[in-house]
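We count ligands from 1, going down the list as the structure has it; atoms in each ligand are counted the same way.
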Amino acid sequence: MAGEPGPSQEATYEAAPNIALVKYWGIRDPVRALPYNSSLSVTLAGLATRTTVRFDPALPADRLRLNGRLADGEPLRSVREFLDRVRQEARFDGFAEVRSRNNFPTASGLASSASGFAALAGAAARAAGLRPDAAALSRLARFGSGSACRSIFGGFVEWRAGHRPDGRDCRAFPLFPPDHWPELVDLVCVVRGAPVKTVRSAVAMQASVATSPGFAARQRALPARLLRIRRAIARRDGARLFPAIIEECDDFRAVCEGTRPTLDYLTATSREILEAVRSLNRRSGRPVAGYTHDAGAHVHLFTLRSDLGRLRAALAGIDGLERTRTLRPGPGGRYVARRPGR
Ligand code: DP6
């Protein structure tokens with residue numbers, strides 16, 4: 001990537017969050033942002049972060065507005081650090097104003113650093129005069145947040161860890177488009193009183209690498225598990241997919257819980273939801289649904305449209321379940337044209 005940025009360049013990019021079915025958890029090289037293991041996710045439709053970056057020679061420092069409010073502290077620090085990388089790549093000096101909005105309530109628990117850094121990467125790169133293709137954008141986004149490299153692409157996305165020390169074989173790419181499996185839905189369960197995440201996953205996962213006794217065994221189990229999950233998606237086979245994502249989520253959680261100090265992301269309600277799914281699958285004598293969660297208390301339930309009613313019924317009576325939202329796989333990131341007169 002190279003570019004010839006001029007003053008006051010502005011660009012807007014929109015990207016959606018993604019939910020991992022195979023979790024990225026562990027960084028093998030922080031300088032090159034290389035993960036220990038490959039991961040696989042679904043980019044979600046209907047949710048988006050839209051970010052505008054404007055480089056302005058008159059600005060005395062970088063400025064960040066999140067949902068209309070000036071931000072400081074850790075969000076501003078990590079945005080600045082990311083902008084420094086872009087400025088370095090574009091061989092360009094000058095501060096930027098960053099305006100970022102989510103089209104979903106920030107307190108809904110659906111906010112993610114993935115959509116945030118994917119949108120920032122797209123907007124900052126173009127505003128700085130770079131013209132990255134999707135692969136280069138994904139690589140850039142990875143330095144803001146690992147999971148962001150998957151949000152550049154739509155549908156079902158794999159982030160291959162690669163083996164090379166220089167990281168040249170580490171890349172994310174789309175596996176299947178958003179309309180690959182129209183029957184598949186993600187029932188997002190927003191739980192009441194979910195604690196706000198205070199430690200970034202990129203930090204927490206390194207504590208797991210250093211202290212969790214299950215980390216090594218997880219690494220050994222992952223390649224075969226990812227293959228099973230990819231195959232089940234390819235064949236649109238819920239009976240194989242749902243137990244496999246439960247196994248993966250349980251393994252991820254066990255590694256978190258084995259970390260010292262322990263990482264406990266769930267609330268009692270989250271655990272009730274997981275148990276309701278296990279019990280539904282047992283009672284039905286078949287895998288009706290699969291669950292997964294990231295480093296937070298909200299739970300994503302994957303099922304087929306035809307089983308959505310059954311799944312909802314199984315959740316009835318869980319007090320702390322604030323609300324649910326049915327999501328589908330959606331498109332990857334895109335540039336948004338500036339409206340005339342703005
Ligand atoms: C559990 O790359 O999103 O969601 O930006 O520091 O929060 P931070 O890290 P991030 O970590 C993702 C961890 C995960 C699993 C996943 O999305 O693959």
W25 ring center near F252 ring center (under 6.0 Å):
yes
Side chain or backbone of H293 under 4.0 Å from ligand 1, or both, or neither, by non-hydrogen atoms?
neither
Atom indices of ligand 1, in the order listed, that fall short of 4.0 Å to a heavy atom of K197:
7 (O)
For ligand 1, is there an atom lying under 4.0 Å from some heavy atom of A114?
no
Could you find the nearest protein heavy atom to atom 8 (P) of ligand 1 and give me its residue, atom name and distance?
R200 NH2, 3.5 Å
Answer with side chain, backbone, both or neither: which part of S201 has a heavy atom less than 4.0 angstrom from an atom of ligand 1?
both
Could you tell me whether some N/O pair between S39 and ligand 1 is separated by less than 3.5 angstrom?
no
Quick test of your reading of the model: are D294 and K197 salt-bridged, counting only N-O distances below 4.0 Å?
no
Is there a donor-acceptor pair closer than 3.5 Å between any side-chain N or O of K23 and the backbone N or O of D251?
no
With R334 as the cation and Y13 as the aromatic partner, state whether NZ or CZ is under 6.0 Å from the six-membered ring centre and within 45° of the axis.
no
Short list, please: which atoms of ligand 1 are under 4.0 Å from a heavy atom of A295?
1 (C)
Here the atoms of ligand 1 under 4.0 Å from any heavy atom belonging to S113 are 3 (O), 5 (O), 7 (O), 8 (P)
Hey, is ligand 1 close enough to G144 that some N/O pair sits below 3.5 Å?
no
Atom 4 (O) of ligand 1 has as its nearest protein heavy atom D294 CG, 3.2 Å
Please check if the distance between the ring centroids of F215 and Y36 is under 6.0 Å.
yes
Option of least heavy-atom distance to atom 17 (O) of ligand 1 (set: R150, M205, K23):
R150
So, does D62 use its side chain to make a donor-acceptor pair with the main chain of F95 at under 3.5 Å?
no
If you measure from each heavy atom of W159 to ligand 1, is any distance below 4.0 Å?
no
Between E158 and R150, is there a salt bridge with N-O shorter than 4.0 Å?
no
Any sub-3.5 Å donor-acceptor pair from T267's side-chain atoms to A297's backbone N or O?
no
Heavy-atom distance under 4.5 Å between the side chains of T51 and T12, does that happen here?
no
Ring centres under 6.0 Å, that's the criterion: do F173 and F153 meet it?
no
Atoms of ligand 1 less than 4.0 Å from G146 heavy atoms?
2 (O)
Under a 4.0 angstrom heavy-atom cut-off, which atoms of ligand 1 come close to A202?
6 (O), 8 (P), 9 (O)
For ligand 1, which atoms sit closer than 4.0 Å to a heavy atom of A20?
16 (C), 17 (O), 18 (O)
Side chain, backbone, both or neither: S147 near ligand 1, heavy atoms under 4.0 Å
both
Is the backbone N or O of S208 less than 3.5 Å from a side-chain atom of T211, with the two atoms forming a donor-acceptor pair by type?
no
Closest heavy-atom pair, A45 versus L327, reported as atoms and distance to 0.1 Å, is O-CD2, 3.7 Å
Would you say F252 has any N or O atom under 3.5 Å from an N or O of ligand 1, going by distance alone?
no
So, regarding N18 and ligand 1 (criterion: nitrogen or oxygen to nitrogen or oxygen, under 3.5 Å), is there a contact or not?
no
Does an N or O from Y24, backbone or side chain, lie closer than 3.5 Å to an N or O of ligand 1?
yes
